[in-house]
Amino acid sequence: MQEPNQTHCNNHHTRHDQLPSDSWQDLVHSIKLFVPQEFSFTQNLHYLQRSPNECLYLIRNNSICRAIPLGEDIAVIEVSEAPQEQAIMVRFLGDTAPTDSVKRAEVAAYVRDWFDLNTDLVPFYTMAETDPLLSQAILSFYGLRNMGIPDLFEALCWGILGQQINLAYAYTLKRRFVEAFGHSVECENEVFWLFPKPEDIARLQVEDLAGLRMTLKKCEYLIGVAKLIADGELTKEQLLAAGSLKQAEKQLVSIRGIGPWTANYVLMRCLRIPNAFPIDDVGLHNAIKHLMGLEAKPTKKEILELSAAWANWESYATFYLWRYLY
């Protein structure tokens with residue numbers, strides 16, 4: 001296994017406070033994570049497979065493999081369903097199992113956060129049962145979780161890269177960005193990529209990003225966000241401490257290149273703020289149009305009326321409606 005460049009993980013918060021001792025089992029070379037009743041590994045795997053151009057993980061034999069930075073170490077993991085158990089298995093590949101139990105706990109916390117296992121979906125399902133737009137979605141996609149982006153820098157970059165382009169091209173840009181500026185590690189004859197570190201991007205000039213073939217503005221936005229995170233001026237803790245969705249959104253939209261859509265997308269996928277609502281999302285509009293058999297996309301006023309019953313579950317409602325698009 002090749003030694004990759006040192007990978008620091010300054011803004012990679014694992015939220016150990018959200019790792020109850022009865023939620024996992026440390027088996028040293030693997031980890032068992034217990035999952036709620038309202039969880040479907042198959043549904044979440046289907047979501048993760050929506051682009052053949054994903055560069056940060058690999059799906060094979062009904063399992064997901066990816067590299068996770070742990071300070072200066074890297075763990076390469078394979079996540080699969082535990083047969084006959086209400087659990088998922090996280091196996092360390094090659095010789096990447098951390099010898100330190102604290103780092104294994106960090107991996108457990110990362111995967112729990114990634115699969116959003118800390119959220120109780122029962123109240124969402126209770127609300128959605130009587131909702132005209134969601135009642136069929138929760139039956140069709142039962143157990144689907146809001147698959148997250150635990151790393152704040154990655155979530156912000158993905159939001160910026162995806163602005164005003166289609167999803168397929170956003171994945172192409174992400175791959176170019178990761179392969180140009182990220183780090184890779186070889187394990188069991190596969191190459192695994194890690195997302196670029198904010199401190200590496202913060203040092204770049206706009207010209208350095210020219211090879212990615214995206215707008216000058218997006219290059220400026222990525223470098224600007226990288227600088228804020230590298231300097232410690234923007235953190236997950238700070239956003240979570242904002243006290244409300246509106247305050248956290250206000251902090252994000254004050255950053256150049258981040259509008260309400262990107263802010264709410266990040267608050268939904270990374271911060272897990274349940275009432276985050278990317279109401280301007282084209283995919284959401286298309287899903288509603290499709291489900292209601294409308295001639296045109298719904299107006300913002302119509303969406304606000306349709307979503308009135310979703311209070312505090314807007315992010316999950318959006319995620320379930322997106323599911324109709326792939």
Side-chain angles (χ1 to χ4, degrees), residues 1 7 9 12-49 54 56-125 141-151 154 185-190 192-195 236 269-270 272 316 319:
M1 177 167 165
T7 303
C9 177
H12 198 89
H13 303 297
T14 51
R15 297 156 79 174
H16 290 299
D17 55 321
Q18 295 200 1
L19 190 60
S21 57
D22 61 353
S23 69
W24 72 299
Q25 207 176 342
D26 183 356
L27 306 168
V28 184
H29 287 287
S30 62
I31 289 167
K32 186 185 286 185
L33 292 177
F34 300 105
V35 298
Q37 203 61 50
E38 305 74 30
F39 176 84
S40 162
F41 188 76
T42 307
Q43 281 294 344
N44 295 301
L45 190 69
H46 185 83
Y47 169 77
L48 291 170
Q49 281 173 312
E54 174 59 62
L56 292 173
Y57 54 80
L58 170 78
I59 293 179
R60 59 181 189 198
N61 310 327
N62 284 333
S63 64
I64 309 132
C65 302
R66 74 176 298 166
I68 294 178
L70 301 167
E72 294 182 7
D73 301 322
I74 292 171
V76 181
I77 60 167
E78 177 191 70
V79 185
S80 59
E81 197 166 18
Q84 279 91 49
E85 285 188 85
Q86 197 67 31
I88 52 178
M89 292 303 299
V90 179
R91 187 168 70 87
F92 293 101
L93 301 184
D95 55 1
T96 69
T99 49
D100 180 352
S101 62
V102 173
K103 288 196 170 174
R104 292 197 296 276
E106 219 173 295
V107 172
Y110 182 95
V111 178
R112 274 186 70 81
D113 189 12
W114 184 25
F115 280 84
D116 197 28
L117 298 179
N118 300 312
T119 298
D120 175 11
L121 282 191
V122 174
F124 170 64
Y125 284 155
F141 317 129
Y142 188 83
L144 176 67
R145 295 268 153 175
N146 172 4
M147 292 299 299
I149 304 173
D151 183 82
E154 183 189 331
V185 55
E186 198 176 296
C187 182
E188 297 191 358
N189 302 317
E190 292 281 359
F192 294 94
W193 284 94
L194 291 152
F195 201 77
K236 273 174 104 162
R269 300 286 311 283
C270 181
R272 308 292 190 188
Y316 255 92
F319 202 76

Just verifying a value: how many Å separate [X] [atom1] and [Y] [atom2], rounded to the nearest 0.5 Å?
{"X": "K32", "Y": "E85", "atom1": "NZ", "atom2": "CD", "answer": "3.5 Å"}
{"X": "N44", "Y": "F115", "atom1": "CG", "atom2": "CZ", "answer": "6.0 Å"}
{"X": "M89", "Y": "E78", "atom1": "CE", "atom2": "CD", "answer": "10.0 Å"}
{"X": "I77", "Y": "F192", "atom1": "CD1", "atom2": "CZ", "answer": "10.0 Å"}
{"X": "S23", "Y": "L117", "atom1": "OG", "atom2": "CG", "answer": "8.5 Å"}
{"X": "I74", "Y": "T96", "atom1": "CD1", "atom2": "OG1", "answer": "9.5 Å"}

Shortest non-hydrogen contact from [X] toward [Y]:
{"X": "Y316", "Y": "T119", "value": "CE1-CG2, 4.2 Å"}
{"X": "A67", "Y": "L194", "value": "O-CD2, 3.7 Å"}
{"X": "F319", "Y": "M147", "value": "CZ-N, 3.4 Å"}
{"X": "P150", "Y": "K236", "value": "O-NZ, 2.5 Å"}
{"X": "G94", "Y": "E188", "value": "N-OE2, 3.0 Å"}
{"X": "Y125", "Y": "G143", "value": "OH-N, 2.9 Å"}

Taking the inter-plane angle between the rings of W114 and Y57 on a 0 to 90° scale, is it parallel (under 30°), tilted (30 to 60°) or perpendicular (over 60°)?
tilted
Donor-acceptor contact present, side-chain [X] to main-chain [Y], <3.5 Å:
{"X": "R272", "Y": "D113", "answer": "yes"}
{"X": "R145", "Y": "F39", "answer": "no"}
{"X": "R66", "Y": "V79", "answer": "no"}
{"X": "D120", "Y": "P36", "answer": "no"}
{"X": "Y142", "Y": "S40", "answer": "no"}

Mind checking what makes side-chain hydrogen bond (donor to acceptor under 3.5 Å, both in side chains) contact with Y47, not counting sequence neighbours?
R50, R269
The side-chain contact (heavy atoms from CB on, under 4.5 Å) partner of V90 among I64, I31, I68 is I31
